[in-house]
Each structure stands twice: as C-alpha cells, then as structure tokens.
Enquirer: 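Before anything else, here's the structure in question.
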Amino acid sequence: MILATPTGSGKSLVASGAIYFALCRGRRAYYTAPIKALVSEKFFDLCDQFGAANVGLLTGDASVNADAPIVCATAEIVANIALRDGAGSDVGVLVADEFHYYGESDRGWAWQVPLIELPDPSPETAVDRQPQFLLMSATLGSMDFFVDDLTRRTGRTTVPVTGAQRPVPLQYRYAITPIHETIAELIDAGRAPVYVVHFTQQQAVERAQALLSVKICDKEEKAAIAEAIGDFRFQTGFGGTLSKLLRSGIGVHHAGMLPRYRRLVERLAQAGLLKVVAGTDTLGVGINVPIRTVLFAGLTKYDGHRVRRLRAREFHQIAGRAGRAGFDTVGYVVAQAPEHDVENARAVAKAGDDPKKLRKVVRRKAPEGFVSWGEKTFETLIDAPDEELKSHFRMTTAMLMEVLERPGDCFAALRHLLETNHEPRSRQLRHIKHTIALYRDLCETGIVTKLDRPAADGKHVELSIDLPENFALTNPLSAFAVAAFELLDTDSDTYALDVISILECTLDDPRPVLVAQRKQARDAAVAEMKADGIEYEERMERLEQITWPQPLAEEIGFAYETYRRGHPWLANTPPSPKSVLRYMRERSMTFTELISDLGLARSEGVVLRYLTDCYRALNSGLPMSAVTDEIEDITDELGDLIRDVDSSLIDEWEQLTAQV
C-alpha cells in the first residue's frame, strides 16, 4: 500500500492502524523516517499508544528495547537489516514515513534497499507471509512505478491513495513589507505560531536574535514559558542565547543545535507557547510542531554545489507544515520578497502618483551572485507538480560487508541486489563492476577470504582478521584505514593519537570546526608576522598556506597514493586529514572548552555528531590488532563525554519505562 496524504495527523492515524494490525497477526512492525528527531518523536508517540515496553528505538546513536514488537528506526538502520538478513529479516510491516527521501542522491539507497531485499523472491513463499509496506509522503508525485514494482515483488495488491484532501486549506500571500513588519502583522492578525524558514543556520539564529526588538509576548505569556522551561539546564555557549530567546517567545530550530535543545523548542512549540520559530527546513521534515503560518525568508537554497531555486517538492513539504488539523480552519503560507525588492517597493510607494518623483526613484539592484526569484517564482511553486522520484541506488563497502555476512549464498544475494534494484541496466552494470572492485579490495586487504567450499551455515566467505563483533566499514576509505594502521608503530608514545588521525581522515569534514580552526591558526600567524615586521603582501601570501591542523598529512597522503594504485576506484574519495578529537585529547579539553575555544556555540550539534562518528569509528572500525588499552580508554571516555553532553532520548525513555 502506498499512502500520499498532505496531513501529519492523517499519516499518523494510518501508520498506527498498520502497526496495530501487524501486531494482531503476530508480525513485527518497523517505523522508519529520515531524521532521528522524527524517529524519536514517533517513538514517544507509539509509547503512548502501545506502551513503552512494546516499542523500541534504533538510531545508530541509541539502542533502546531493540527486541520490542514495534521498532522506530532511521531508514539506514532498516536498510542494513535488510542487507544483512534479506528476506529472512523479522520485518512483517514496514512503515516508511517521508518516503520522498527515496529521491535524495546521498540517502535514497536506504529507502530503496528494503523494497528490494525484504520480499522473498521464492515462488514457494505464501503471499500472506510477504512483508507489507506503507510508504507515506504528501509529495510522492507519480506512484505508478512503485505500485507495479511492489505488486510484482510481493504478490500483494498495492493500493495508491492519492485523493486525500487537506482538512485545513492553505492561503498564500507574497509580502513586500520588511520581514520584521511582516512577522509583527502576522502575530497581530492572530496567525501565530509563525515558522520563519531560512536555508542556513546562521541566518535562522540571526533572525531570531533580531526579533528580540519586536514585542512577541506579554508578561503572562512569558511567565507561562518560564514555568514550562522549569529547571531545564542550559549549558554555556548557545544555551544562554537560546534561553533568552525562548523566554521571549522566540524559538530556534536547526540541525546544528544539540538534540536536547531542539527537543525543548519542539516541546514548547507543541504547547503553543512560542509565537515565532526561526529555523531551517528541519521542521519541514515531519516534525509534529503546530504551525499556523509558514513564512519563507527566501525561495533559494545552497544544495552543496550551487545556490538554486527551491524545487516543487521542497516547497510543498515546508509549506505543508502550515495549518493544524483540529485547531485551525486555514493555514497561511507567506513568501517574503527579497530585501532589494522591498526597498524598491517602499521607494515607489513613497513617490506616490507623482511622475517626477517616480522618475527620480533609484532602484536598488540585487546583490552580486543573487539567484533571481520573486512573486512569479512563488506562484509557480504553488501550482507546480512534485517531481518524479528517481532511483539513487549505490553500493558501498559497508553495504557489501552486510551482504557478505548474510547466511547462505552471499554471492547469490549480491546478484539479486545488483540486478533487481530500480536502476536502469546501464547503471546496474556500473554498480556490478564497482562491487567487484570493492570485494577485491576486501580480499587484498585481508579482511575477507573466499572459502573453498561453503561452511556448515552456507556461508561462502569468512572474515580473515581478528575483528570485534561490531566491526563495520562505514565509508569508502575504511579499508584504506585498516591497511594504514599497519604502518604505525605500536610502541610509539603517540600511537593512540596517530590511530585517531587515520580514522579522522576518513570521516566527513565538520566544516564549521575546520573553518574555526583555520581562522584561529591564521589569526595567530598574523600576530606573529606583524611582530616580526613582515610586509602586508607577504603576510597575505603566507596566510594562503595556513589551514586547520592536519596531523600525519604527509604520511597519510603518501600511504593513500600507494594504496590507490591498486584501488583506482578510490581516486574520487581522497582522505581528508584533520584534528578535532586529537585536538581535544592533546589539550585535555572538555566539549564545552572546545566550543568556547573555537567559538562554535551555534554549531554544537555539528561537533557532537562528528564526535559521535569518531566514537563509532573507534568502537567498530578497528581490527583487534590495532586496539590497545589506551585506545579502549579513549573510546570509553569519548562515549561518556557524548552521553554527558546530550543523553536526552535515553533519559526520556528511562522515565517512560519507570512509569510502566
């Protein structure tokens, strides 16, 4: 069954019904979503409906009651289960919320894999034993392909639901008043809560702080907020700023915040205590926060490659947050005109009908690099159909390892995955060649050995080196890292730190941290060069050579160049030397001290996620031959640090179970 409904309450009702009927038939139900915040929100919602003892949580960061009959998990977790266990997975019903993420280039694979691997392709399997799928989104576009594909794979009738009507209609308006005036007008007109959408975290925070000059709440409303906040602990850094904003009725919500801060904002907004939330499009991904008005601060975003106009699906997803069923009779969607258009409109209005004054109006031009948009763009997006979802299957070392660990003939499982995915045949052939290269890489690295004859459990391969039980190669450079560990001197005083440096070079860059480190290094260099009397031009030239700390950069670069001669497919994923965890260890820094040292108050969540990636790599990315007592101590201490910074989800679940 595929469900396309524009209301969160409608999706929630159908999802709960599907889970209930799965339990009645003795089948295990999984609920998946693209972001941990949405997974955790549904987790607590299902705990209320079915009891905390019957609901589990799996996000990669947290594992709670994992053997429960209902499990809330990120899409990647369920995809890995499907890769590892295939049709033997204990998944009776899969509820995939926000299924439009299938079309995301970097994460779409996680939404596709369960559709391929969970159904049993054996003709002997009874139809009623095949898994059931509930794919939910308000912006699926054409669903014909999925209807045909799921029917063919499962033998079950697949029903597209496309005629759902919004119980709360939307009204659209284009505002040419300054944005603070627009917000004040919306509040005065009773159209709060207002969600002000930005597409950078910095703009969201700056907007929230600018709104402190606008009277948002009266004394009674502020007192209610203070009571709801209670004894919540705000840490130094961004915590002080957030506390001040919230007590003024202004929320901030973006992925750079600590999870517990985001959850506090959501809780206060759900209670109707915040009249304005300035955030990024994180609230446009299914988070159940009551919003009466969505105000777009712009209609363009940077997508990692370029600044472009919003796509129809992106616009509709965010606009769909407006209007609360059961509370509102209408929702409001407002697009704020660009600043130069607002100023031009005010200048024209000031000139009135006087032709001479109108001719003298000097119109302000758009800033350099501005991607043009305006009222026509807004009107086009309102009526534009959602783009067709396209396959973005891929194969990584981590995915390959999961399939190789599957009981039985793993090579037959690989063929099924590679030849029956949703890609066109030409791309399937490229994936097959890439997978063969990855497999050879694992064999040459000594991680995997092909058996001469199948083992008793049917396995065709085995792990060749001593690995921890939870070993995982999580990115393209993981196998390179395993090889590079062999180059280190285990007797060196810096061995543990050098292991950290190799792991860090394989992880995604935490850009705010690296930029802050580079600025710090350049500021120190400028002061030193000025003291040495070096001329300005030479100082600027030298500064270009200064970047963030990169321990072992030369050694890692040499090792990589040697390694990729036999593994040419790694040419597009070179290592990225950096020092964040090592930087902290060398200076005996706490999380708070790192944030203060580098001025990262607005990016605490980014830092925490990166340290969590470091923890995973240390905990499950090292062969036993590379592990020492010091590394084990560092891993344990890092895990404790992460929990001390933010253990909100675990703590809230423990409170729930204590009440059972």
Side-chain angles (χ1 to χ4, degrees), residues 1-3 5 7-82 89-99 101 110-111 114 118 131-138 259-260 262-264 266-267 269-271 282-283 285-290 321 324-326 647-660:
M1 178 176 184
I2 298 177
L3 175 71
T5 175
T7 62
S9 58
K11 289 196 295 183
S12 179
L13 180 64
V14 175
S16 298
I19 291 170
Y20 173 77
F21 285 112
L23 297 182
C24 290
R25 293 193 300 272
R27 308 295 300 276
R28 200 173 191 204
Y30 276 78
Y31 168 90
T32 69
I35 61 174
K36 296 170 188 174
L38 181 52
V39 171
S40 61
E41 177 183 283
K42 194 63 181 179
F43 167 71
F44 294 117
D45 178 39
L46 291 174
C47 283
D48 290 339
Q49 295 181 54
F50 296 98
N54 293 317
V55 186
L57 176 72
L58 291 172
T59 67
D61 295 336
S63 176
V64 174
N65 201 20
D67 294 327
I70 305 170
V71 178
C72 297
T74 54
E76 286 79 5
I77 292 289
V78 175
N80 287 333
I81 292 173
S89 303
D90 184 18
V91 181
V93 171
L94 176 61
V95 178
D97 202 355
E98 307 296 333
F99 185 74
Y101 267 73
W111 302 87
L118 292 180
Q132 291 180 292
F133 297 91
L134 177 61
L135 313 180
M136 304 192 299
S137 174
R260 65 191 193 90
R262 290 201 305 270
R263 187 152 182 80
L264 173 63
E266 292 162 12
R267 179 165 60 83
Q270 286 165 350
T282 53
L283 272 179
V285 190
I287 304 300
N288 186 24
V289 173
R321 304 305 302 155
R324 300 168 295 174
S647 61
S648 52
L649 292 181
I650 300 295
D651 293 342
E652 190 162 350
W653 181 81
E654 289 174 348
Q655 292 175 8
L656 281 172
T657 54
Q659 298 170 6
V660 176

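Everything numeric here is computed off the predicted structure, so don't read it as measured data.
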Enquirer: Which pairs, with at least one residue in residues 12-22 and sequence neighbours excluded, count as a salt bridge (Lys or Arg N to Asp or Glu O under 4.0 Å)?
Expert: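 For residues 12-22: none.
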Enquirer: If you take all heavy atoms of Tyr31 and Val39, which pair is closest and at what distance?
Expert: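 Residues Tyr31 and Val39, closest heavy atoms: CE2-CA, 4.5 Å.
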Enquirer: Who are the side chain to side chain contact (heavy atoms under 4.5 Å, CB included) partners of Ala110, not counting sequence neighbours?
Expert: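 In terms of side chain to side chain contact (heavy atoms under 4.5 Å, CB included), with neighbours along the sequence ignored, Ala110 is linked to Ala75, Glu76, Ala79.
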Enquirer: How about Glu266 and Arg262: do any of their side-chain heavy atoms sit closer than 4.5 Å?
Expert: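 Yes, their side chains come closer than 4.5 Å.
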Enquirer: May I have the step-by-step check of side chain to side chain contact (heavy atoms under 4.5 Å, CB included) for Gln49 and Ile19, ending in yes or no?
Expert: CA-CA 11 Å; Gln49 295 181 54; Ile19 291 170; over 6 Å; no
Enquirer: Testing the basics here: between Pro290 and Ala269, what is the closest heavy-atom pair and its distance to 0.1 Å?
Expert: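 Where Pro290 meets Ala269 most closely, the heavy atoms are CG-O, 3.2 Å.
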Enquirer: Under 3.5 Å, side chain of Asn65 to main-chain N/O of Ala53, donor-acceptor pair present?
Expert: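 Side chain of Asn65 to backbone of Ala53: a pair is present.
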Enquirer: Please tell me if the side chains of Lys42 and Ser16 come closer than 4.5 Å, counting only heavy atoms from C-beta onward.
Expert: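 Answer yes - side chains close enough.
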Enquirer: Supply the atom-to-atom distance Gln270 CD to Arg263 CZ, rounded to the nearest 0.5 angstrom.
Expert: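 Answer for the CD-CZ pair, Gln270 versus Arg263, is 7.0 Å.
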Enquirer: Which heavy atom of Val55 sits nearest to which heavy atom of Cys72, and what is that distance?
Expert: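 That would be CG1-SG, 4.2 Å.
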Enquirer: Please name the pair of heavy atoms, one in Ala82 and one in Pro114, separated by the smallest distance, quoted to 0.1 Å.
Expert: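 Taking every non-hydrogen atom into account, CB-CA, 4.1 Å.
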Enquirer: Minimum heavy-atom separation for Asp90 to Tyr30, with atom names?
Expert: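 It is O-CE1, 3.6 Å.
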Enquirer: For the residue pair Val93 and Leu134, establish whether any side-chain heavy-atom pair is separated by less than 4.5 Å.
Expert: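 Result no, sub-4.5 Å side-chain heavy-atom pair not found.
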Enquirer: Return the set of residues passing side chain to side chain contact (heavy atoms under 4.5 Å, CB included) with Ala66 (not counting sequence neighbours), or none when no residue passes.
Expert: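 Only Leu58, Ser63 meet the side chain to side chain contact (heavy atoms under 4.5 Å, CB included) criterion with Ala66.
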Enquirer: With side chain to side chain contact (heavy atoms under 4.5 Å, CB included) as the test, would you mind laying out the steps for Phe43 and Thr59 before giving the verdict?
Expert: CA-CA 11 Å; Phe43 167 71; Thr59 67; over 6 Å; no
Enquirer: Consider side-chain contact (heavy atoms from CB on, under 4.5 Å). Of Leu23, Val91, Val71, which one does Arg28 pass it with?
Expert: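 Output: one option passes, namely Val71.
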Enquirer: Taking only residues two or more places apart in sequence, or in another chain, which ones meet Phe99 in a ring-ring contact (aromatic ring centres under 6.0 Å, His included)?
Expert: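 Only Tyr102, Phe146 meet the ring-ring contact (aromatic ring centres under 6.0 Å, His included) criterion with Phe99.
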Enquirer: Using side chain to side chain donor-acceptor pair (under 3.5 Å) as the criterion, list what pairs up with Asn80, not counting sequence neighbours.
Expert: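 Side chain to side chain donor-acceptor pair (under 3.5 Å) list for Asn80, sorted by chain: empty.
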Enquirer: Identify, with sequence neighbours excluded, every residue that meets side chain to side chain donor-acceptor pair (under 3.5 Å) alongside Arg27.
Expert: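 Partners of Arg27 by the side chain to side chain donor-acceptor pair (under 3.5 Å) criterion come out as none, since no residue qualifies.
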Enquirer: For the atom pair CZ (Phe133) and CG (Leu118), what is the distance rounded to the nearest 0.5 Å?
Expert: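 Going from the CZ atom of Phe133 to the CG atom of Leu118 covers 5.0 Å.
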Enquirer: Closest approach of Ala18 and Val95, non-hydrogen atoms and distance?
Expert: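 Looking at all heavy atoms of both residues, the shortest contact is CB-CG2, 4.4 Å.
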